[in-house]
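Residue numbers run from 1 in the order of the sequence given.
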Amino acid sequence: MTARAKPVICLMLMLGWVALLWLLEGVDVLTGGALDTFGIQPREPAELVDIVPAAFMHFGFGHLAANTLPLLLLGFVAALRSGIRRFLGVVLLVIVASGLGVWLTAAPGSNTAGASGVVFGLFGYLLVRGFIERKALDIGIGLAVAVVYGSILWGALPTTAGQISWQGHLFGLIGGVAAAFVVRQRPRAVTARPAVRPVP
């Protein structure tokens, strides 16, 4: 992947992802909420298979619209700075962490879906990866992300507001921070060259 092509590919990836979310929500609306069954209902063993699909479903276009811009921006930056392969690894880890957190701790009888867990995960990932990898540019990006989106951290605090899954937010955030450690670039080992001995 050339340096010029990388931003375009990352942007197309995120635009395609967002377009898929809007397409799925359109199908959900046209079918009277048929896709809402892919949300996560806590502590039901059969619901474990919905952990990944739930991250792509939303409860109405308003719910989706609230997630679209931060997902697009944070996802683009994360993919651009990390590379597509590492980015996909981060997203998968975040989705699993957020979904399992919801499955384990959400209120009985609730149904949770949406990309906000991924948004919180990408936020946490970008926030700390520069410090973990000791890269000045990424530290600056993390600080900028904190300034622009830092207020979302309130959404990861336990709340009695039944319409907000603070569990998905909190565990998504934890998953993003964990992903920064798991997929970090490790320094390459330097192979010692054999000593050169002159021929007598």
Closest heavy-atom contact between G175 and L93? O-CD2, 3.4 Å

For the residue pair D138 and G130, what are the closest heavy atoms and their distance? CB-CA, 3.5 Å

For the hydrophobic clusters of this structure (ILVMFWY residues joined by side-chain heavy atoms under 4.5 Å, transitively), does one cluster hold both F131 and V77? no

Residues, nucleotides or ligands: over 12 heavy atoms within 6.0 Å of F38 CZ: no

Heavy-atom nearest pair, A54 first then G39, reads CB-CA, 4.2 Å

With a 4.5 Å limit on heavy-atom distance, are the side chains of S116 and H169 in contact? yes

Set of salt bridge (charged side-chain N to carboxylate O under 4.0 Å, His left out) partners for D50, sequence neighbours left out: none

Under the criterion side chain to side chain contact (heavy atoms under 4.5 Å, CB included), which of L24, V29, T31 is the partner of V27? T31

Step-by-step side chain to side chain contact (heavy atoms under 4.5 Å, CB included) determination, L71 to M14: CA-CA 8 Å; L71 177 64; M14 293 312 303; 4.2 Å; yes

Can you tell if the side chain of L21 reaches within under 4.5 Å of the side chain of W17, non-hydrogen atoms only? yes

Quick one: do L100 and L48 satisfy side chain to side chain contact (heavy atoms under 4.5 Å, CB included)? Show the steps, please. CA-CA 8 Å; L100 280 176; L48 287 171; 4.1 Å; yes

Hey, what do you get for CG (N111) to CE (M57), rounding to the nearest 0.5 Å? 11.5 Å

Could you pull out the closest heavy-atom pair between L173 and A156, with the gap in Å? CD2-CB, 4.4 Å

With the side chain counted from C-beta on, respond yes when L73 and Y149 share a heavy-atom pair under 4.5 Å apart, and no when they do not. yes

Under 3.5 Å: donor-acceptor pair, side chain of R43, backbone of A106: yes

Which is it for F123 and V145 under the side chain to side chain contact (heavy atoms under 4.5 Å, CB included) test, yes or no, and what are the steps along the way? CA-CA 7 Å; F123 171 82; V145 165; 3.4 Å; yes

Correct closest heavy-atom pair for V118 and V94 would be CA-CG1, 3.7 Å

Do you reckon L143 sits in the same ILVMFWY cluster as F76, going by side-chain contacts under 4.5 Å, direct or chained? no

Quick one: are L74 and Y125 in side-chain contact, heavy atoms under 4.5 Å? no

Determine the minimum heavy-atom distance between G142 and L127, stating which atoms define it. O-CD1, 3.4 Å

Sub-3.5 Å donor-acceptor pair from the side chain of R184 to the main-chain atoms of F181, do we have one? yes

If you measure from OG1 on T112 to CD1 on I51, what distance do you get to the nearest 0.5 Å? 11.5 Å

CG/L126 to CD1/I139 distance, rounded to the nearest 0.5 angstrom? 13.0 Å

With side chains defined as the heavy atoms from C-beta onward, is the minimum distance between F56 and L35 less than 4.5 Å? no

Tell me whether V49 shares a hydrophobic cluster with L92, the cluster being built from Ile, Leu, Val, Met, Phe, Trp, Tyr side chains joined at under 4.5 Å. no

To the nearest 0.5 Å, tell me how far C10 SG sits from F87 CZ. 8.0 Å

Gap between atom CG of D36 and atom CD of E25 - 0.5 Å precision: 7.0 Å

So if you build clusters from Ile, Leu, Val, Met, Phe, Trp, Tyr with side-chain heavy-atom gaps below 4.5 Å, do L137 and V147 land together? no

Over 60° means perpendicular and under 30° means parallel, so classify the ring planes of H58 and H63, tilted if in between. perpendicular

E133 side chain reached by R81 side chain, heavy atoms, under 4.5 Å: no

In terms of hydrophobic clusters joined by side-chain contacts under 4.5 Å, are I164 and F59 together? no

Any side-chain heavy atom of F120 within less than 4.5 Å of one from S98? no

Rounding to 0.5 Å, atoms CG (L72) and CG (L122) come to a distance of 11.0 Å

4.5 Å side-chain heavy-atom contact, S82 and R129: yes

